[in-house]
Amino acid sequence: MTQKFRRVFGNGKPVIGMVHFGALPGAPLFDAERGLDGLIDGIGRDIDALQKAGFDAIMFGNENDRPYEFDVDTASTATMAYAIGRVRDKITVPFGVNVLWDPMSSIALAAATGAAFVREIFTGAYASDMGPWTPDAGKAMRYRDRLHRQDLALLYNVSAEFAHSLDQRSLPDRARSAVFSSIPDAILVSGQITGEAAALSDLEAVKKVLPDTPVLANTGVKHATVADVLRIADGCIVGSSLKVDGDTWKPVDPDRASEFMRLARTARGL
């Protein structure tokens, strides 16, 4: 597991910057006036800002496709693939994908675009805003292998946003069990919703029981907390803190992104 993670991210503590798609065609918030070309222009600007700031990797996600779905419309995944293809020549770092909240679509998108990693909820049972949530890691991983992407790193979020785990075991026990039963390449620890921080105590507890598995903070890492997070975790994924005014739904602010990576490099001793 660690070998695949290190093959993608190297031996440091990677900082992964989010490229949040605007709402896609067919989603309630899609901006028809701006259109698909406008959406792609925004994606391209965010990529440029993150790579200039020095992020180790980027990840594409459809956070604006609210209300979220478990069985995502094929058109959404196809449109994401088209958009990534349009900006592919801009990308100079490893990139990942996440089609919320659909593991199968996420893996299909990764296979279509050549992504190096996928983030999703692959395991567990949850009561959520979207209804009962019961992902199937075995089905998803077998699908990955059928698409001949055994090299694709799978990052398992074990504390689902917008949801409450129906599993009465502690978060560390659930994380440890997921590593044993479902062979992820990394474990992610999240806050309650997008942009909200995972508790440092949760990160510490999960890392303590998984010393040999990469454990990353998945949400809510801020300029003021990145040093504390990287002291515990093996990396982090960050989105909202990099945006104009720290607003999830706004574009990446190049100055905020650059300052975040300056702080991250200092925390990593670089």
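Heavy atoms only: backbone and side chains are in, while hydrogens, waters and symmetry mates are out.
Here the side chains of Tyr82 and Ile40 are in contact, with some heavy-atom distance below 4.5 Å. Under the 4.5 Å side-chain criterion, counting only non-hydrogen atoms from C-beta, Asn64 is in contact with Arg66. Under the 4.5 Å side-chain criterion, counting only non-hydrogen atoms from C-beta, Arg169 is in contact with Asp167. Using a 4.5 Å cut-off on side-chain heavy atoms (C-beta onward), Phe117 and Val97 make no contact. Within the 4.5 Å cutoff, the side chain of Phe60 has no heavy atoms near those of the His20 side chain. Side-chain contact between Ile47 and Val252 is absent, with no heavy atoms from C-beta onward closer than 4.5 Å. For the pair Ser159/Leu171, a side-chain contact is recorded, criterion being any heavy-atom separation below 4.5 Å from C-beta on. In this structure, Trp249 and Glu63 have side chains that are in contact, with non-hydrogen atoms separated by less than 4.5 Å.
Checked by atom type and distance alone, the side chain of Asp73 pairs as donor or acceptor with a backbone atom of Ala75 at under 3.5 Å. Distance alone, capped at 3.5 Å, is enough to place a donor-acceptor pair between the Gln51 side chain and the Lys90 backbone. Although no hydrogens or angles enter the test, the distance criterion places no donor-acceptor pair under 3.5 Å between the side chain of Arg144 and the main chain of Ile107. Panel note: side chain Thr213, backbone Ala186; no donor-acceptor pair is recorded below 3.5 Å. No donor-acceptor pair under 3.5 Å is formed between the side chain of Thr225 and the backbone N or O of Asp228. Side-chain atoms of Ser182 never come within 3.5 Å of backbone atoms of Ala137 as a donor-acceptor pair (strictly under, hydrogens ignored). Here the side chain of Arg119 pairs no donor or acceptor atom with the backbone of Leu154 at under 3.5 angstrom. Judged by distance alone, with hydrogens and angles left aside, the side-chain atoms of Asp102 form a donor-acceptor pair with the main-chain N or O of Val72 at under 3.5 Å. The backbone N or O of Phe21 sits nowhere less than 3.5 Å from a side-chain atom of Asn62 that would complete a donor-acceptor pair. A donor-acceptor contact shorter than 3.5 Å links the side chain of Ser106 to the backbone of Val99.
Scanning all heavy atoms of the two residues, the minimum distance from Pro67 to Pro28 falls at CD-CG, 3.7 Å. Looking at every heavy atom in both residues, Val189 comes nearest to Leu203 through CB-CD2, 3.9 Å. Minimum interatomic distance between Ser240 and Gly195 (heavy atoms only, all atoms of both residues): OG-CA, 3.7 Å. Of all the heavy atoms in Ala153 and Val8, the pair that sits closest is CB-CG2, 4.3 Å. In plain terms, the two heavy atoms of Arg268 and Leu230 that are nearest each other are CG-CD1, 4.0 Å. Residue Phe95 comes nearest to Gly114 through the heavy atom pair CZ-C, 3.8 Å, listed as atom of the first residue, atom of the second, then distance.
Contact check on Asp212 versus Lys207 returns no salt bridge, with no Lys/Arg side-chain nitrogen under 4.0 Å from an Asp/Glu carboxylate oxygen. Between Glu259 and Arg256 no salt bridge is recorded (no basic side-chain N to carboxylate O distance below 4.0 Å). With respect to Lys243 and Asp253, no salt bridge is recorded, no charged nitrogen being found less than 4.0 Å from a carboxylate O. Checked for salt-bridge contact, Arg142 and Asp145 miss the test: no charged N lies under 4.0 Å from a carboxylate O. Salt bridge absent: Asp151 and Lys4 never bring a charged side-chain N and a carboxylate O closer than 4.0 Å.
Put simply, CG on Asp41 and CG on Asp46 are 11.5 Å apart, with the number rounded to the nearest 0.5 Å. Taking CZ from Phe5 and CG from Leu155, the interatomic distance works out to 6.5 Å, rounded to the nearest 0.5 Å. Note: Trp101 CH2 to Phe70 CZ = 9.0 Å, rounded to the nearest 0.5 Å. To the nearest 0.5 Å, atom OG of residue Ser241 and atom NZ of residue Lys222 are 5.0 Å apart. Atom CG of Leu242 and atom OG1 of Thr248 lie 10.0 Å apart (nearest 0.5 Å). Rounded to the nearest 0.5 angstrom, Leu216 CG and Ile232 CD1 are separated by 12.5 Å.
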Run the side chain to side chain contact (heavy atoms under 4.5 Å, CB included) test on Val238 and Ile16 for me, step by step, so that the C-alpha distance in whole Å, both residues' side-chain angles and the decisive distance to 0.1 Å come before the verdict.
CA-CA 6 Å; Val238 58; Ile16 303 167; over 6 Å; no
Yes or no on side chain to side chain contact (heavy atoms under 4.5 Å, CB included) for Lys250 and Asp245, after CA distance, side-chain angles and deciding distance?
CA-CA 8 Å; Lys250 291 183 178 179; Asp245 300 326; 2.9 Å; yes
Salt bridge (Lys or Arg N to Asp or Glu O under 4.0 Å) assessment of Asp37 paired with Arg86:
CA-CA 10 Å; Asp37 285 342; Arg86 286 273 302 271; 3.4 Å; yes
Apply side chain to side chain contact (heavy atoms under 4.5 Å, CB included) to the pair Asn218 and Glu161, showing each step before the final yes or no.
CA-CA 10 Å; Asn218 187 48; Glu161 298 128 86; 3.6 Å; yes
The test is side chain to side chain contact (heavy atoms under 4.5 Å, CB included); show your working for Lys52 and Ser258 and say whether it passes.
CA-CA 8 Å; Lys52 185 176 180 181; Ser258 294; 5.8 Å; no
What do the steps show when you test Asp173 against Arg176 for salt bridge (Lys or Arg N to Asp or Glu O under 4.0 Å), and what is the final call?
CA-CA 5 Å; Asp173 281 346; Arg176 184 167 57 96; 3.2 Å; yes
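Applying the ring pair (Phe, Tyr, Trp, His ring centres under 6.0 Å) test between Trp133 and each of Phe122, Tyr126, Phe162 identifies Tyr126 as the sole match. Exactly one residue among Leu100, Leu24, Leu109 makes a side chain to side chain contact (heavy atoms under 4.5 Å, CB included) with Ser76. That residue is Leu24.
In the model, Asn157 has no side-chain atom that pairs as donor or acceptor with a side-chain atom of Glu120 under 3.5 Å.
Under the 4.5 Å side-chain heavy-atom criterion for Ile, Leu, Val, Met, Phe, Trp and Tyr, Val158 and Ile193 are members of distinct hydrophobic clusters. Under the 4.5 Å side-chain heavy-atom criterion for Ile, Leu, Val, Met, Phe, Trp and Tyr, Val244 and Val19 are members of distinct hydrophobic clusters. Ile121 and Val206 are not part of a single hydrophobic cluster, where members link through side-chain heavy atoms under 4.5 Å apart. A continuous path of ILVMFWY side-chain contacts below 4.5 Å connects Met80 to Leu147, so both sit in one hydrophobic cluster. With hydrophobic clusters built from ILVMFWY side chains whose heavy atoms lie under 4.5 angstrom apart, Tyr68 does not share a cluster with Met59.
Ring geometry for Phe260 versus Phe55: interplanar angle under 30°, hence parallel rather than tilted (30 to 60°).
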